[in-house]
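One structure is given here, and the rest of the page talks about it.
Just the heavy atoms: all of them, side chains too, but no hydrogens, waters or symmetry mates, feed the values below. First listed ligand is number 1; within each ligand, the first listed atom is number 1.
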Amino acid sequence: ALRIAVFASGQGSNFQAIIDAVQNGKLDVTIELLVCDKPAAPVVERARKASVDTFLFAPKEYPSREAYEAEIIAELERRGVELIVLAGYMRIITSVLVEPFYGRMINIHPALLPAFPGVNAIQQALAYGVKLTGVTVHYVDGGMDSGPIIAQRVVEVADEDTEDSLAVRIHAAEQALLPGVIQRIAQGRVTLDGRHVRVSSS
Ligand code: GAR
């Protein structure tokens, strides 16, 4: 089974969806590690309950992003991690992580990229007034949410939506999409060719 690490900073609903898919036999991976920069984040408790090891770090205790990323890389290599899944990891990633893991690191984003990259994407979409938004899973490159797109799902925006009501449907779409994308990667069905990603079905 593919050995994965999940990076998360917050609630961990996507992390939980991955755990559930593994437990239900729908996702053939082993979750080697949760990497988290927020000791009090609810995702940490989810990892504990599922007996997933956690690498917790406080960014302030390091001189630079590169310094903590070098420690993370050592930990990932020690555990033979083959794929990194960024699931609500709210930190900028540097080349220390991107270069060795290019093509082996994916991110989930709560908008239809390239629209609304960066933070507060749900709020950005609502403020802009788009009628359709959604979620994107993409490979991570050196830019901000700019890497090759693997899969997207559309979510309609209703006139009466608030940020909270839209977020509920965005999160449901993410949890429906992400485990299946990871499974296709684990099955070797996803190929990356420049900016273009092909996902074969059979
Ligand atoms: C998700 O909506 C994810 O797409 C978003 O953070 C949320 C994490 O939720 N990520 C970003 O905004 C990255 N820029 P979760 O902790 O419940 O999975």
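Side-chain atoms of R91 and Y68 form a donor-acceptor pair, as typed in the model, at a separation below 3.5 Å.
Residue contacts with ligand 1 leave out V43, since none of its heavy atoms falls under 4.0 Å from the ligand.
In terms of protein heavy atoms, atom 9 (O) of ligand 1 is closest to N14 ND2, 4.1 Å. For atom 13 (C) of ligand 1, the nearest protein heavy atom (residue, atom name, distance) is M90 SD, 3.8 Å. Atom 5 (C) of ligand 1 has as its closest protein heavy atom P110 CD, 3.8 Å.
The residue from R46, Q11, E174 that puts a heavy atom closest to atom 3 (C) of ligand 1 is E174. The heavy atom nearest to atom 16 (O) of ligand 1, considering only A111, G12, G88, G10, is found in G12. Summarising the contacts of atom 15 (P) of ligand 1 with S13, S9, P117, the nearest heavy atom is found in S13.
Nearest approach of A41 to G10, heavy atoms of both residues: CB-O, 3.6 Å.
Of the charged side-chain nitrogens involved, at least one lies within less than 4.0 Å of a carboxylate oxygen, so that R79 and D53 count as a salt-bridged pair. For R3 and E82, the salt-bridge test fails: no basic side-chain N is under 4.0 Å from an acidic carboxylate O.
Annotation: F116 is in aromatic contact with Y128 [ring centroid separation under 6.0 Å].
Taking every non-hydrogen atom of H171 and a distance limit under 4.0 Å, the qualifying atoms of ligand 1 come out as 2 (O). The contact set between ligand 1 and G118, taken as ligand atoms under 4.0 Å from a residue heavy atom, comprises 14 (N).
The 12-atom threshold is exceeded at CD of E163, counting heavy atoms of other residues, nucleotides or ligands nearer than 6.0 Å.
Taking the six-membered ring where tryptophan is involved, the planes of F57 and Y62 are perpendicular, since the angle between them exceeds 60° and thus also 30°.
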